[in-house]
S.K.: 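After the structure tokens below, expect a handful of questions from me.
Everything numeric here is computed off the predicted structure, so don't read it as measured data. Start at 1 and go down the list; that is how both ligands and their atoms are numbered.
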Amino acid sequence: MVVASDTEVVLYEKRDGKAYITLNRPKALNAYNMAMRDALLQVLGAVRDDPDVRVAVLRGAGDRAFCAGADLTEFLTAPSPTLARKARWDRDVWGLFLSIEKPMITALHGYVLGSGVEMALCCDIRVAAEDAQLGLPETGLGIIPAAGGSQTLPRAVGLGVSLDMLLTGRWLSARDALRARLVDRLAPPAELWSAVDRMADRIASLPATALASAKQAVVRGLDLSLAEGLELEARLARRLVGL
Ligand code: COA
């Protein structure tokens, strides 16, 4: 369990080339609110710009949840859900997330709902504790995912599972999420942090420019035709060896 400070909604620590970003509203199951959005913009900017950071880890404080989705109390106190949502769109945290060229790992435990799933999808490698439960409750609330989820989810799991989750509101257990490729690895809950930390150590030991190029080739390549993707790969490969 991550030790939580009561005052900051997102904690940021740096150690040995690794940046740890911790969603820190454990009493509200780390629900994503506007204060968290503002804090995330700052820390993601730091991950992007700080040359000492070679890999970032995103996780949630407390033992119950990575993130239980958008803060429903903000939805309820705003003049309308639409305005609550617009306020969050005014600053493009998701665009920033997806623009980061460094490897990002996420450690998922407990409830991973709504924007929790979407944040996880902005990361490159998702490791889930065996107790994690993943779901997208948005349609049940009369809205749709809008932190990129309707686009990033099918890129990860394909059409069938995406539509099953969105149209039926079905939650996936960690094991089903692994089978569906929504998560990449599982760990026993007590070993989640150490498993992710070992992975981050390994990544931090590899050449940063090669990692950034590999990430770019794969992620950008997914949206290109094969011919364009091969051109991108050739360009990135040449650049790495100074040609
Ligand atoms: N926004 C704001 N607060 C939230 C929250 C959210 N999305 N999810 C949980 N919380 C708060 C609860 O209000 C509660 O606060 P309280 O102790 O002050 O009453 C606390 O977190 C614990 O949640 P609780 O509902 O008591 O836990 P539970 O184990 O009974 O249920 C969930 C857990 C995740 C099933 C339930 O909290 C839930 O359905 N949350 C909403 C999920 C959702 O729809 N997210 C929005 C997606 S767009």
Side-chain angles (χ1 to χ4, degrees), residues 1-11 21-40 58-95 97 106-123 126 128-154 156-157 161-177 180 182-183 189 192:
M1 172 173 154
V2 178
V3 179
S5 124
D6 276 347
T7 49
E8 293 167 69
V9 293
V10 174
L11 305 178
I21 302 170
T22 307
L23 308 176
N24 187 36
R25 302 183 67 217
K27 288 184 192 135
L29 306 185
N30 298 319
Y32 178 83
N33 65 3
M34 280 194 267
M36 204 179 255
R37 172 203 68 181
D38 292 343
L40 272 177
L58 177 69
R59 60 190 180 174
D63 54 6
R64 296 201 56 213
F66 167 72
C67 170
D71 190 310
L72 293 173
T73 61
E74 280 187 350
F75 265 53
L76 297 175
T77 53
S80 74
T82 319
L83 287 180
R85 190 156 252 202
K86 183 181 173 311
R88 280 202 298 276
W89 280 336
D90 284 343
R91 302 183 70 190
D92 184 13
V93 73
W94 314 115
F97 234 125
T106 186
L108 306 172
H109 73 286
Y111 294 111
V112 184
L113 301 176
S115 38
V117 170
E118 296 182 279
M119 272 187 264
L121 284 163
C122 289
C123 296
R126 291 174 280 283
E130 286 156 355
D131 68 357
Q133 302 180 65
L134 298 90
L136 290 163
E138 282 87 346
T139 46
L141 298 166
I143 54 178
I144 64 168
S150 68
Q151 305 306 304
T152 51
L153 183 67
V157 303
V161 176
S162 300
L163 289 175
D164 188 358
M165 289 180 77
L166 283 167
L167 301 185
T168 70
R170 175 183 170 213
W171 290 14
L172 301 186
S173 66
R175 209 153 280 287
D176 285 343
L182 179 50
V183 304
L192 179 66

S.K.: To the nearest 0.5 Å, what is the distance between CD (Glu74) and CZ (Arg37)?
M.R.: 8.5 Å
S.K.: For ligand 1, which atoms have a heavy atom of Glu138 less than 4.0 angstrom away?
M.R.: 48 (S)
S.K.: Is it the side chain (CB and beyond), the backbone, both or neither of Ala68 that lies under 4.0 Å from ligand 1, heavy atoms counted?
M.R.: both
S.K.: Below 3.5 Å, N or O to N or O, backbone or side chain included: is there any such pair between Leu141 and ligand 1?
M.R.: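 No.
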S.K.: Does any N or O in the side chain of Asp71 come within less than 3.5 Å of the main-chain N or O of Tyr32, such that one atom is a donor and the other an acceptor?
M.R.: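 Answer holds: no.
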S.K.: Could you check whether any side-chain N or O of His109 sits under 3.5 Å from a backbone N or O of Arg59, counting only pairs where one atom can act as donor and the other as acceptor?
M.R.: no
S.K.: So, is Ile143 polar-close to ligand 1, with some N/O to N/O distance under 3.5 Å?
M.R.: no
S.K.: I need the atoms of ligand 1 closer than 4.0 Å to a non-hydrogen atom of Lys27, numbered in the order shown.
M.R.: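 Every atom of ligand 1 under 4.0 Å from some heavy atom of Lys27: 20 (C), 21 (O).
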S.K.: Who gets closest to atom 9 (C) of ligand 1 by heavy atom: Thr73, Leu29, Asn33?
M.R.: Leu29
S.K.: Out of curiosity, is Arg64 lining ligand 1, as in a heavy atom under 4.0 Å away?
M.R.: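 Checking ligand 1 against Arg64, which is what was asked, there is a heavy-atom contact under 4.0 Å.
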S.K.: What is the minimum heavy-atom distance between Met119 and Cys67, and which atoms define it?
M.R.: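 Closest approach of Met119 to Cys67: CE-SG, 3.8 Å.
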S.K.: Looking at CG of Asp131 and CG of Leu192, how far apart are the two atoms once the value is rounded to the nearest 0.5 Å?
M.R.: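 Here the interatomic distance stands at 8.5 Å.
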S.K.: Are any of the N or O atoms of Gly114 closer than 3.5 Å to those of ligand 1?
M.R.: no
S.K.: Only heavy atoms of Leu113, strictly under 4.0 Å: list the atoms of ligand 1 that pass.
M.R.: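 The list of qualifying atoms is 34 (C), 42 (C).
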S.K.: Taking atom 10 (N) of ligand 1 as the point of reference, which of Ala70, Ala28, Gly140 owns the nearest heavy atom?
M.R.: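 Going through Ala70, Ala28, Gly140 one by one, Ala28 has the nearest heavy atom to atom 10 (N) of ligand 1.
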S.K.: For the residue pair Thr106 / Arg126, report whether a side-chain donor-acceptor contact shorter than 3.5 Å exists.
M.R.: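 No, no side-chain donor-acceptor contact under 3.5 Å.
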S.K.: Which heavy-atom pair separates Ala39 from Val9 by the least distance, and what is that distance?
M.R.: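 The pair with the smallest heavy-atom distance is CB-CG2, 4.1 Å.
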S.K.: Ignoring hydrogens, what is the shortest heavy-atom contact between Pro26 and Gly62? Give both atom names and the distance.
M.R.: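 So the two residues come closest at CB-CA, 4.0 Å.
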S.K.: Between Tyr111, Tyr32, Trp171, flag the one that comes closest to atom 31 (O) of ligand 1 by a heavy atom.
M.R.: Tyr111
